[in-house]
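Here, residue 1 is the first one in the sequence, and each next residue gets the next number.
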Amino acid sequence: MAVTSTKIYANTLAVQYASRLDGERLRRVAEAKTVAEGMRMLGDYGYSFLSGSTIDGFVVEETNRLIEFIADCAANESIANALVLPFLYNNVKLAYKSRYVDIPQDSYYRLDIDTDKIANGDYTDCDKTLAEALGYLDSENERKPQNIDIAITNAMYDNLCSSKDRLLRKYFKAEVDMKNILTAARMRRLNIKREDEFIPGGKINIDDLVEAATGKDFGLLFVRTPYAEMAERLEQSNFENLYEFERESDEHLFYMTDSLCQDMSSYEPFLNYYTRARIELKAIKTALVCVKTDSRQTFFERMPDIYR
């Protein structure tokens, strides 16, 4: 009973927190005369606003607020840890790369992990899967950012896709599948083949993904998956509109956790808010960048469907 009450409380807070932005407010931000004006609007809507902040600085600060919300309000520690893991692993990637390139300190999210230890090769604070991945990178003397990202991303999804919670496993396996389809499309577009770029852990077989990247019938390989129509549209565009597939992938995860009769005693509403927050930050960043570059029409063409 106590756990259910905690879920209801967490979900209620998440539903309230998700009401800051709607389509009309997002349009106003995209139509702002300057980035500063757009950020002031966001401050009025309840977002963090610091005069002189950069677009990236705004996104990092809002992500920190999301992380704090998850840590403070999630129904239990395992859910909180799973949802925060992508941000923690982002810090790990930056820390590892800091051996070879300068990484600004404000690029890191506020998380309880000592990035200096990772930069210096001390992985005692890392989980077993991550420590093994970092050890492998050390043994290979790896310096290529892409290969560092692949190894650490694979370790992250190994943890997430083996979660004890069925809903989390379903959610992150779907995320892996869609990332892998997008990777296959990029390879098809560039006429390259790198099997190691596919993330293990999803439901779609890696061999099928390799075939999709190199064969002829791209859409047919995914016809029995929930992503069949998305993959077909990718193929019909001749793999030109990859951003559309990325947007549809985010929204697929959103609708996976959004039902007309949400069970407030489940984790679903909280996970739905988490997904919406990630979509929201991407949309806001895109809107502000389009204001900065005076390419507002591009934003309206790419505006997420959940705000239309």
Side-chain angles (χ1 to χ4, degrees), residues 54 56-57 59-60 63-64 67 81-163 172-173 175-214 239 242 246 249 278 282 285:
T54 64
D56 287 338
V59 172
V60 169
T63 303
N64 283 329
I67 291 167
N81 288 343
L83 300 187
V84 167
L85 201 66
F87 308 116
L88 187 146
Y89 272 55
N90 180 78
N91 279 6
V92 172
K93 290 177 183 177
L94 295 179
Y96 197 92
K97 294 174 188 175
S98 71
R99 301 176 184 184
Y100 315 116
V101 296
D102 290 331
I103 303 293
Q105 279 301 119
D106 60 2
S107 300
Y108 294 97
Y109 300 124
R110 288 195 297 269
L111 285 161
D112 188 20
I113 183 170
D114 190 337
T115 52
D116 286 339
K117 289 177 70 173
I118 292 169
N120 292 321
D122 182 349
Y123 311 137
T124 53
D125 294 341
C126 300
D127 62 73
K128 181 180 177 182
T129 305
L130 177 57
E132 289 176 352
L134 296 174
Y136 168 78
L137 291 172
D138 288 346
S139 68
E140 296 293 310
N141 193 29
E142 186 60 71
R143 293 182 174 225
K144 293 181 180 178
Q146 182 182 12
N147 292 343
I148 293 170
D149 286 344
I150 288 171
I152 297 175
T153 296
N154 287 352
M156 179 184 79
Y157 280 111
D158 183 67
N159 278 318
L160 293 173
C161 292
S162 59
S163 169
F172 286 111
K173 282 179 178 290
E175 189 170 77
V176 166
D177 283 338
M178 289 184 288
K179 285 181 179 294
N180 281 340
I181 293 173
L182 185 62
T183 296
R186 285 197 180 105
M187 289 182 184
R188 188 71 168 268
R189 181 178 177 179
L190 298 173
N191 194 29
I192 60 173
K193 178 183 177 181
R194 272 196 63 172
E195 187 172 337
D196 65 336
E197 288 196 22
F198 293 113
I199 305 167
K203 289 189 174 182
I204 299 176
N205 190 284
I206 297 292
D207 289 340
D208 290 338
L209 291 161
V210 172
E211 184 176 347
T214 57
F239 309 104
L242 301 186
E246 290 186 83
S249 296
R278 293 170 71 184
K282 288 181 183 179
K285 180 175 181 178

Quiz item: Closest approach of Ala133 and Ala151, non-hydrogen atoms and distance?
Solution: CB-O, 3.9 Å

Quiz prompt | Heavy-atom closest contact (Thr115 atom, Ala95 atom, distance) | solution = O-CB, 3.5 Å

Practice problem: Measure the spacing between OH of Tyr123 and CD of Glu132 and express it to the nearest 0.5 Å. | Solution: 13.0 Å

Quiz item: Taking side chain as C-beta onward, heavy atoms only, is Asp56 less than 4.5 Å from Lys285?
Solution: yes

Quiz item: So with a 6.0 Å cut-off around NZ of Lys117, is the heavy-atom count from everything else above 12?
Solution: yes

Exercise. Measure the shortest side-chain to side-chain distance between Arg189 and Leu242 over non-hydrogen atoms and say whether it is less than 4.5 angstrom.
Key: yes

Quiz prompt | Expected output: side-chain Lys173 to main-chain Gly201 donor-acceptor under 3.5 Å | solution = yes

Exercise. Measure the spacing between CD1 of Ile199 and CD1 of Ile206 and express it to the nearest 0.5 Å.
Key: 8.5 Å

Quiz prompt | Shortest non-hydrogen contact between Phe198 and Ala213, atoms and distance | solution = CZ-CB, 4.4 Å

Self-check item: Ile148 side, atom CD1; Lys97 side, atom NZ - distance, nearest 0.5 Å
Solution: 6.5 Å

Practice problem: Can you sort out the partners of Tyr157 under ring pair (Phe, Tyr, Trp, His ring centres under 6.0 Å), two or more places apart, ordered by chain and number? | Solution: none

Quiz prompt | Passing candidate, side-chain contact (heavy atoms from CB on, under 4.5 Å) with Tyr109, options Leu88, Thr63, Leu94 | solution = Thr63

Quiz item: Where do Leu134 and Cys126 come nearest, in terms of heavy atoms and distance?
Solution: CD1-SG, 4.1 Å

Self-check item: Test log, rule salt bridge (charged side-chain N to carboxylate O under 4.0 Å, His left out), inputs Asp158 and Lys128
Solution: CA-CA 11 Å; Asp158 183 67; Lys128 181 180 177 182; over 6 Å; no

Quiz prompt | Gap separating the CG atom of Leu111 from the CZ atom of Phe87, nearest 0.5 angstrom | solution = 8.5 Å

Quiz item: Is there side-chain contact between Asp122 and Asp114, with heavy atoms separated by less than 4.5 Å?
Solution: no

Quiz item: More than 12 foreign heavy atoms under 6.0 Å from CG of Asn191: is that the case here?
Solution: no

Quiz item: Considering only heavy atoms from C-beta outward, does the side chain of Ile204 approach that of Asn180 to under 4.5 Å?
Solution: no

Exercise. Would you mind telling me which of Asn159, Thr153, Asp149 makes a side chain to side chain donor-acceptor pair (under 3.5 Å) with Tyr89?
Key: Asn159

Self-check item: Value rounded to 0.5 Å, distance of CG in Asp177 from CD in Glu175
Solution: 10.5 Å

Practice problem: Report yes if the side chains of Asp138 and Tyr96 come closer than 4.5 Å at any heavy-atom pair, otherwise no. | Solution: yes

Practice problem: Indicate yes or no: at least one non-hydrogen side-chain atom of Ser249 is less than 4.5 angstrom from one of Leu182. | Solution: no

Quiz item: Near Tyr100 OH, under 6.0 Å, is it more than 12 heavy atoms from other residues, nucleotides or ligands?
Solution: yes

Exercise. Please name all residues satisfying side-chain contact (heavy atoms from CB on, under 4.5 Å) with Gln146, sequence neighbours left out, ordered by chain then number.
Key: Ile150, Arg194, Glu197

Quiz item: Between CG of Asn90 and OG of Ser107, what distance do you get to the nearest 0.5 Å?
Solution: 9.0 Å

Practice problem: Specify the closest pair of heavy atoms between Arg110 and Asn64, including all atoms of both residues, with the distance to one decimal. | Solution: N-OD1, 2.8 Å

Quiz item: Is there side-chain contact between Thr214 and Met187, with at least one heavy-atom pair below 4.5 Å?
Solution: no

Quiz item: Closest approach of Ala185 and Phe239, non-hydrogen atoms and distance?
Solution: CB-CD2, 3.8 Å

